[in-house]
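Note that the numbering runs from 1 along the sequence shown for the chain. First listed ligand is number 1; within each ligand, the first listed atom is number 1.
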Amino acid sequence: MSKEKILLTGANGQIGTVLSAELRKVYGTENVITSDITKPKSNLGPFCFIDILNKQRLIEQVKELEITQVYHLAAILSASGEWNPLKTWDVNFNGLLTVLNLGKEGIIDKIFFPSTIAVFGKTTPRVNTNQDVPLLPTTVYGMSKATGENWCNYYHKRYGVDVRSVRYPGIIGHQSIPSGGTTDYAVEIYHSAIAGKEYTCFLDKDTRLPMMYMPDAVRATIELMESPKEKINIRYGYNLAAMSFTPAEIYSEIVKYYPDFKIVYKPDFRQEIAESWSESIDDSEARADWNWQHAYDLEKMTKDMIENLTKKS
Ligand code: NAD
Ligand code: SER
């Protein structure tokens, strides 16, 4: 039986929905507790309400449930964050500090902190972006994650906290719907194609961004968390990559399955955010340190997305 008891914060979101199901396969349903500020859509295992800003409640639940690891997913994403910058900072940054302090006080053993390509900015080289590059993010979301990365690094070096992190690219999956992000178009477009509707894309056709299929993202997360401590040389967010594409390129793949599918481009405020991020990522440290390897490219992902979404429709 697993001796680990895992808590996921922000677990009802796009990634948490899928990650919690995979973690339950590994550690057992009762050993993986999901939490969020909203009710889960389905009852697949233990759940509790935790607002990450309610420090006392989080600490009490972690102690009461004898949690050993926290996957801290709760956050407000890049596009939504721009509507309420101070709230976004509070949730994204102060929420993380509470979790890091649980590690510092020895109450939990391990923490996962998802960082993002939104930490990059105008001063970052955009093509094949290296691990250690200048970071000057343009969104409050990116600022909170870049600062969060530094605090993860500091808590590890100063207090020995076992915190692990990746800079996820835009994540695409058929199981859950994203919201509030700049990369959401790459999921929405499949739903429109399958529903037989024209898709209005909020990014311009040639905007290239790094992306990853959900099974790769979930596997990377669990592999990183299960790697021996001595293999983890970076505590502030490993670069992580699988593929990069533009709206025009994903459209070209989907149209092979739906020849009548139409797209129009109406860039909005998210265009400027996307242009401040990298186009492609060099993730050689993750590949060398804990043997990261992606499995899905655009073609393989499109086939799988369409197969799975058509089963549901
Ligand atoms: P999401 O927006 O789908 O889910 C975030 C969840 O956090 C939501 O269910 C929301 O209810 C919850 N939340 C918001 N405020 C909260 C609060 N005060 N207390 C507790 N929960 C709260 O996001 P996601 O796509 O599932 O992302 C999960 C994590 O991965 C986030 O930290 C995000 O920054 C990171 N990430 C995601 C992507 C992506 O493409 N999805 C890319 C890079 C990084
Ligand atoms: N997919 C996320 C967003 O667009 C990147 O962190 O906000």
Side-chain angles (χ1 to χ4, degrees), residues 7-21 34-41 47-55 57-58 61 70-84 87-96 98-99 111-120 137-149 152 165-173 175-188 202-203 207 209-214 216-218 220-221 237-242 269-278 281:
L7 177 74
L8 289 92
T9 68
N12 294 346
Q14 188 202 3
I15 296 176
T17 308
V18 190
L19 179 60
S20 57
T34 57
S35 74
D36 207 302
I37 46 174
T38 56
K39 234 176 122 185
K41 286 201 183 80
F47 170 82
C48 55
F49 284 100
I50 298 178
D51 182 333
I52 199 67
L53 296 177
N54 188 342
K55 210 192 262 190
R57 163 102 180 137
L58 175 68
Q61 286 293 293
V70 174
Y71 284 64
H72 176 50
L73 307 181
I76 299 175
L77 273 66
S78 60
S80 303
E82 294 306 287
W83 299 115
N84 197 342
K87 174 81 189 284
T88 302
W89 179 266
D90 204 12
V91 170
N92 293 6
F93 180 64
N94 290 322
L96 170 66
T98 307
V99 175
I111 297 166
F112 175 70
F113 171 63
S115 190
T116 163
I117 52 167
V119 297
F120 302 131
T138 56
T139 59
V140 70
Y141 170 70
M143 284 160 54
S144 66
K145 291 284 186 175
T147 308
E149 283 193 2
C152 288
S165 176
V166 290
R167 292 171 176 158
Y168 284 135
I171 306 299
I172 297 154
Q175 303 93 329
S176 49
I177 307 284
S179 70
T182 302
T183 57
D184 297 1
Y185 90 86
V187 179
E188 293 169 6
F202 58 77
L203 295 185
T207 315
L209 285 173
M211 300 279 185
M212 182 173 284
Y213 197 33
M214 186 68 85
D216 275 342
V218 165
T221 306
Y238 274 98
N239 276 5
L240 194 70
F269 73 101
R270 288 169 281 194
Q271 180 64 30
E272 200 180 327
I273 297 178
E275 282 173 12
S276 75
W277 295 352
S278 296
I281 305 289

>> If you measure every N or O of Ile76 against every N or O of ligand 1, does any of those distances drop under 3.5 Å?
In response: no
>> I need the nearest protein heavy-atom contact for atom 2 (O) of ligand 1: residue, atom name and distance, please.
In response: Leu77 CD1, 3.5 Å
> Does Gly170 reach ligand 1 with a nitrogen or oxygen that is under 3.5 Å from one of the ligand's nitrogen or oxygen atoms?
Replying inline: no
> Mind checking whether Asp216 and Leu240 have side chains closer than 4.5 Å, heavy atoms only?
Replying inline: no
> For atom 43 (C) of ligand 1, what's the nearest protein heavy atom and its distance?
Replying inline: Tyr168 CB, 3.3 Å
> Quick one: does Gly180 get within less than 4.0 Å of ligand 1, heavy atoms only?
Replying inline: no
> Is there side-chain contact between Ile281 and Phe120, with at least one heavy-atom pair below 4.5 Å?
Replying inline: yes
>> If we count only N and O atoms by modelled type, under 3.5 Å, do the side chains of Ser176 and Thr17 hold a donor and an acceptor together?
In response: no
> Does ligand 2 have a heavy atom under 4.0 Å from the side chain of Tyr141, from its backbone, from both, or from neither?
Replying inline: side chain
>> With a 4.0 Å cut-off on heavy atoms, is Ser35 in contact with ligand 1?
In response: no
> Is the shortest N/O to N/O distance between Asp51 and ligand 1 below 3.5 Å?
Replying inline: yes
> Is there a donor-acceptor contact under 3.5 Å from the side chain of Lys145 to the main chain of Ile117?
Replying inline: no
>> For the residue pair Thr34 / Ser20, report whether a side-chain donor-acceptor contact shorter than 3.5 Å exists.
In response: no
> For ligand 2, is there an N or O atom under 3.5 Å from any N or O atom of Thr182?
Replying inline: yes
>> Which residue and atom name correspond to the protein heavy atom nearest atom 5 (C) of ligand 2, and how close is it?
In response: Thr116 OG1, 3.4 Å
>> So if I count the atoms of ligand 1 from 1 in the order they appear, which ones are less than 4.0 Å from some heavy atom of Asn12?
In response: 9 (O)
>> Between Gln271 and Leu203, is the side-chain contact (heavy atoms from CB on, under 4.5 Å) condition met? List the steps.
In response: CA-CA 5 Å; Gln271 180 64 30; Leu203 295 185; 3.7 Å; yes
>> Please check: side-chain N/O of Ser276 versus main-chain N/O of Ile273, any donor-acceptor pairing under 3.5 Å?
In response: yes
> Contact between Phe113 and ligand 1, counting heavy atoms under 4.0 Å?
Replying inline: no
> Is Trp277 touching ligand 2 with its side chain, its backbone, both, or neither, if touching means heavy atoms under 4.0 Å apart?
Replying inline: side chain
> Which atoms of ligand 1 are found less than 4.0 Å from any heavy atom of Pro114?
Replying inline: 29 (C), 30 (O), 32 (O), 35 (C)
> So which heavy atom in the protein is nearest atom 10 (C) of ligand 1, and how far is it from that ligand atom?
Replying inline: Asp36 OD1, 3.5 Å
> Under 4.0 Å from ligand 1, counting heavy atoms only, is it the side chain of Pro169, its backbone, both or neither?
Replying inline: backbone
> To which protein heavy atom is atom 37 (C) of ligand 1 closest, and what is the distance rounded to 0.1 Å?
Replying inline: Ile15 CD1, 3.6 Å
>> Give me the nearest non-hydrogen protein atom to atom 1 (N) of ligand 2 as residue plus atom name, then the distance to 0.1 Å.
In response: Thr183 OG1, 2.7 Å
> Where is the nearest protein heavy atom to atom 6 (C) of ligand 1: which residue, which atom, and how far?
Replying inline: Gly10 O, 3.5 Å
>> Give the atom numbers and elements of ligand 1 that come within less than 4.0 Å of a heavy atom of Tyr141.
In response: 33 (C), 34 (O), 35 (C), 36 (N), 43 (C), 44 (C)
>> Could you check whether any side-chain N or O of Thr9 sits under 3.5 Å from a backbone N or O of Ala74, counting only pairs where one atom can act as donor and the other as acceptor?
In response: yes
> Within a strict 4.5 Å, meaning less than it, do heavy atoms of the Val166 and Phe112 side chains meet?
Replying inline: yes
> Which of the numbered atoms in ligand 1 are below 4.0 angstrom from a heavy atom of Ile52?
Replying inline: 17 (C), 18 (N), 19 (N), 20 (C)
> Among Gly181, Gly148, Ala74, which one has a heavy atom closest to atom 22 (C) of ligand 1?
Replying inline: Ala74
> Lys145: heavy atom below 4.0 Å from ligand 1, yes or no?
Replying inline: yes
> For Leu77 and Thr116, what are the C-alpha separation, side-chain angles and deciding distance, and is it a side-chain contact (heavy atoms from CB on, under 4.5 Å)?
Replying inline: CA-CA 10 Å; Leu77 273 66; Thr116 163; over 6 Å; no
>> So for ligand 1, is Gln14 a polar contact partner (N or O within less than 3.5 Å, distance only)?
In response: yes
> What's the shortest distance from atom 31 (C) of ligand 1 to any protein heavy atom, and which residue and atom give it?
Replying inline: Leu73 O, 3.1 Å
> Where do Glu82 and Thr139 land on the side-chain contact (heavy atoms from CB on, under 4.5 Å) test, with the steps shown first?
Replying inline: CA-CA 7 Å; Glu82 294 306 287; Thr139 59; 3.4 Å; yes
> Side chains of Ile52 and His72: closer than 4.5 Å at any heavy-atom pair?
Replying inline: yes
> If only atom types and distance count, is the side chain of Asn12 paired as donor or acceptor with the main-chain N or O of Thr38 below 3.5 Å?
Replying inline: yes
> If you measure every N/O of Leu53 against every N/O of ligand 1, is any gap under 3.5 Å?
Replying inline: no
>> Between Pro178 and Thr183, is there a side-chain heavy-atom distance shorter than 4.5 Å?
In response: no
> Against heavy atoms of Gly13, which atoms of ligand 1 measure under 4.0 Å?
Replying inline: 1 (P), 3 (O), 4 (O), 9 (O), 26 (O)
>> Can you confirm whether the side chains of Glu149 and Ser165 place a donor and an acceptor under 3.5 Å from each other?
In response: no
> Can you check whether Arg57 reaches Asp51 side chain to side chain, under 4.5 Å on heavy atoms?
Replying inline: no
> So, Gln61 side chain and Cys48 main chain: donor-acceptor pair closer than 3.5 Å or not?
Replying inline: no
>> For atom 15 (N) of ligand 1, what is the closest protein heavy atom, and at what distance to 0.1 Å?
In response: Ile37 CD1, 3.7 Å
> Starting from atom 14 (C) of ligand 1, which protein heavy atom do you reach first, and at what distance in Å?
Replying inline: Ala75 O, 3.7 Å
>> Under 4.0 Å, counting heavy atoms only: does Ser115 come that close to any atom of ligand 1?
In response: yes
>> Quick test: of every protein heavy atom, which one is nearest to atom 3 (C) of ligand 2, and how far off is it to 0.1 Å?
In response: Ser78 OG, 3.3 Å
> Do the ring planes of Phe202 and Tyr185 sit parallel (below 30°), tilted (30 to 60°) or perpendicular (above 60°)?
Replying inline: perpendicular
> Checking Ser78 side chain against Thr182 main chain: does a donor-acceptor pair fall under 3.5 Å?
Replying inline: yes
> By number and element, which atoms of ligand 2 are closer than 4.0 Å to a non-hydrogen atom of Gly181?
Replying inline: 3 (C), 4 (O), 7 (O)
> For ligand 1, which atoms sit closer than 4.0 Å to a heavy atom of Ile50?
Replying inline: 19 (N), 20 (C)
